[in-house]
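Letters go in sequence order (proteins before strands), and every chain restarts at 1. Note that the coordinates shown come from a computational prediction; the quantities given were computed from them, not determined experimentally.
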2 protein chains.
Amino acid sequence: MARVNENYLKLPGSYLFSKIGKKVAAYSAANPDKKIIRLGIGDVTQPIAPSIIEATHKAVEEMGHAETFHGYAPDLGYEFLRSAIAKEYKDRGCHVDIDEVFVSDGAKCDCGNIQEIFAADSVIAVCDPVYPVYVDSNVMAGRTGVYDPKTETWSNVIYMPCTQENNFTPALPEKTPDLIYLCYPNNPTGSVITKDELQKWVDYANEKGSVIIYDAAYEAYISEENIPHSIYECEGARTCAIELRSFSKNAGFTGMRLGFTVIPKELMCDGVALNPLWARRHGTKYNGAPYIIQRAGEAVYTPQGQAELKAQIDYYMNNAKMILTGLKSAGYSVSGGVNAPYIWLKTPDGMTSWQFFDYLLETVNIVGTPGSGFGPSGEGYFRLTAFGSAENTKEAIERIVKM
Amino acid sequence: MARVNENYLKLPGSYLFSKIGKKVAAYSAANPDKKIIRLGIGDVTQPIAPSIIEATHKAVEEMGHAETFHGYAPDLGYEFLRSAIAKEYKDRGCHVDIDEVFVSDGAKCDCGNIQEIFAADSVIAVCDPVYPVYVDSNVMAGRTGVYDPKTETWSNVIYMPCTQENNFTPALPEKTPDLIYLCYPNNPTGSVITKDELQKWVDYANEKGSVIIYDAAYEAYISEENIPHSIYECEGARTCAIELRSFSKNAGFTGMRLGFTVIPKELMCDGVALNPLWARRHGTKYNGAPYIIQRAGEAVYTPQGQAELKAQIDYYMNNAKMILTGLKSAGYSVSGGVNAPYIWLKTPDGMTSWQFFDYLLETVNIVGTPGSGFGPSGEGYFRLTAFGSAENTKEAIERIVKM
């Protein structure tokens, strides 16, 4: 008789953003006259940039004619896109070959799937708070041990707390992990890591034989010097790090779906190269991102595309500034928002994260994300995002300040 | 120290179509003057139909304006598409609710991922020959036992031989499997199953508590009566069957990437409903198919779209007829090609499948797919597809007939 993967049954509650969606829908249904402003989920609001739309139309047109029609894409993605990606790395002084780039339909899938190529008993280390997909995908694979509902932690996961006390910077773990998930600029705290600090992680991973899974989805939001855009800016990263990248946040592709993973050919685990393993997974379980979306992605790298996208990022970062300034003026303890589209605030009056979520939703009709949804050390914190419209963001902050 | 998923290392050789691609590339490089005709991989050649292109352009335009921009899609897919899908089932007399439809970026991903929600020690049964993804994705999950290179079989897989001797129709397995993969119309043999025969499988699965994973990617090619387009035409299928569907073959979406999986809410495994498990996987590891592609998919279901696509299918099935007739006239033993775009032939003169592959490539510059690549019982067979252009197909068959 067929039986299910019991690891799925260990997952507590529903996925964070589904839960938020349900709460908001229920409130909205009960209060249809209220204007809810969403600064919760990390979804963008600016439309796709004009030059990218133009490239997309062109690709759609190609699909309508036999001579220019494109069927199955190459396993790793079209070379035109992988070349553009490799060139961006080169321009930044990083060495990434085009056959080290695997184009996908988004960083969330890659984040979720990458664990598959590692041993079933691998021990993972994650920042706490953290993007839930890193942990949940490992739960589904049976790698995380037993869940303790009191502490909301898994017995076989190394949590690296990131709180006000350590300026949201994790310490190197005492117990050695096999896989280390790092995300910079950080979701959810909006914190960053300097090149020197990241170099320590690379050195640590090389020394211990750990693999770093480096999520650089928000690199386009870095505004300060000496903050690395890629882990490959660090020496030795090619022998210990996988990098995940997204087009969702730098180019507004949340509804277009495009991302990529870089696995350097030198990256070995106990003598086995990871690049061909991931290639095998791509070839077996995936069939490429749509041609027209890959052409849209190519347009991101043109000078025109870059100029249009810089304006979008400036727009969002202006929102971030409004949120930061407004919340500080209202006496909140706030971080992030300078090199990242996320603002991380301490909930007032000892409220739990979900209490503050309900309070904000019910009092001023604003949706944010409870910090505790990202891990136990996120309790007592709350995430707001800069991805709303300027008007909504302004109104939201005014409401919060008045509250 | 990080270690890899050792199951990946058990996979013999590279994925079938990668191997073919490499062989063809090598031959082509050495013989640049030869005109190679590809009737191998199941990729389509007709462009996307005009009304679908129009809908796609419209959706691209929407993405370029803030008021009509679409960010993250709903986890299960947009309701407009899921409604169209549910309606098609209803029109066929099948009951499928819209929250039983999970839109994805293609059937290959769903085929590869679906095993994840089942127990690690599940025993799978597959037809032999079979689409390699069913087996390989289970190998990667460690479910298939030990590989015997002599027989090219896995110790923990139930193979159901489909050969000339049994008219390419598998018998119910003697040992009870947990998961049964069935694909009709069949890839690679082009064979079909009658509704009465399929009902036997449904009854068997319900009796034994097995789950049928039914791949109906080629249902649009069915031309004869009494051949089911969906397993849900059979009584009781809602308690034992998952259905996978693709837009690649009915609408030429191989480069557009769209598919869906149906999991009825009644489908339970040992008391656990599968629908919410797959929903959880979708919500955790996937982020939806692109909005513009889902709008393209919606256009497939309009009367105009249906008319245009019928013409495409007629075109391909005319190719199939040419191949069937030509090969028969040349004395080949051939099957398939009537309700499926695949023609399955017995290799002549006792050649192995790969010998015939090389012979065909080198003698008449035609690329087909070696039957042995689909499993041990495919040895001595060879697959040709009807997805080429009419001109190329005609020329290819003329070359083979003369050979």
Give a yes or no on whether a salt bridge exists between A/D121 and B/R3, defined as a side-chain N under 4.0 angstrom from a carboxylate O. yes
Looking at A/P50, A/C109, A/A119, A/G42, which makes the most heavy-atom pairs under 4.5 Å with chain B? A/A119
Less than 4.5 Å to any heavy atom of chain A: does that hold for the side chain of B/L11, its backbone, both, or neither? both
Looking at B/K58, I want to see if its NZ is surrounded by more than 12 non-hydrogen atoms of other residues, nucleotides or ligands under 6.0 Å. no
Minimum heavy-atom separation for B/N287 and A/K108, please, with both atom names. ND2-CD, 3.2 Å
Chain B contact via A/E62 - which portion, at a heavy-atom distance below 4.5 Å: neither
Out of curiosity, B/R257 CZ to A/R257 CZ, how far, rounded to the nearest 0.5 Å? 15.0 Å
Which portion of B/A141 sits near chain A, non-hydrogen atoms under 4.5 angstrom: neither
Considering only heavy atoms, which portion of A/M63 lies under 4.5 Å from any heavy atom of chain B: side chain, backbone, both, or neither? both
For the candidates B/L9, B/N113, B/I117, B/N7, which exhibits the highest count of non-hydrogen atom pairs separated by less than 4.5 Å from chain A? B/I117
In terms of heavy-atom pairs under 4.5 Å, which option from B/G288, B/S122, B/A279, B/A120 contacts chain A the most? B/G288
Pick one of side chain, backbone, both or neither for B/E67, based on which atoms fall under 4.5 Å of a heavy atom in chain A. neither
Bottom line for A/Y8: the part with an atom under 4.5 Å from chain B's heavy atoms is side chain
Contacting moiety of A/H57, where chain B heavy atoms sit under 4.5 Å: both
Quick check on B/A66 against chain A: is it the side chain, the backbone, both or neither that has a heavy atom closer than 4.5 Å? both
Best-contacting candidate, A/I52, A/D110, A/T45, A/T68, against chain B by heavy atom pairs under 4.5 angstrom: A/T45
So which part of A/L274 gets closer than 4.5 Å to some heavy atom of chain B, the side chain, the backbone, both or neither? side chain
Counting heavy-atom pairs under 4.5 Å to chain A, which of B/S137, B/G71, B/A296, B/S210 comes out on top? B/G71
Where B/V4 and A/C269 come nearest, the two heavy atoms and their spacing: CG1-CB, 3.6 Å
Of the listed B/Q46, B/Q115, B/R281, B/M268, the one with the largest count of heavy-atom pairs under 4.5 Å with chain A is B/R281
Count the heavy-atom pairs under 4.5 Å between each of A/I293, A/L179, A/T176 and chain B, then report the option with the highest count. A/I293
In terms of heavy-atom pairs under 4.5 Å, which option from A/G112, A/P47, A/G21, A/C111 contacts chain B the most? A/P47
Say you draw a straight line from CD1 of B/I114 to NZ of A/K285; how long is it, rounded to the nearest 0.5 Å? 11.5 Å
Applying side-chain contact (heavy atoms from CB on, under 4.5 Å), can you list everything that pairs with B/N206, at least two apart in sequence or on another chain? B/V202, B/T239, B/C240
Residue pair B/I292 / A/V60, side-chain heavy-atom distance below 4.5 Å: no
Contacting moiety of B/E61, where chain A heavy atoms sit under 4.5 Å: both
Determine whether more than 12 heavy atoms belonging to other residues, nucleotides or ligands lie under 6.0 Å from atom CD of B/E266. yes
Heavy-atom cut-off 4.5 Å, strictly under: side chain, backbone, both or neither for B/D43 against chain A? both
At a 4.5 Å cut-off on heavy atoms, which part of A/A289 comes close to chain B: side chain, backbone, both, or neither? backbone
Could you grab the distance from atom CG of B/D105 to atom CG of A/D105, nearest 0.5 Å is fine? 4.5 Å
Examine whether an atom of B/M256 lies under 4.5 Å from a heavy atom of chain A, and if so say whether it belongs to the side chain, the backbone or both; otherwise answer neither. both
Which distance, rounded to the nearest 0.5 Å, do you find between the CZ of B/F118 and the CD of A/E6? 13.5 Å
Between B/F69 and A/G252 the two heavy atoms that sit nearest each other are CZ-O, 3.5 Å
In short, A/D270 meets B/M1 closest at the heavy-atom pair OD1-CE, 3.4 Å
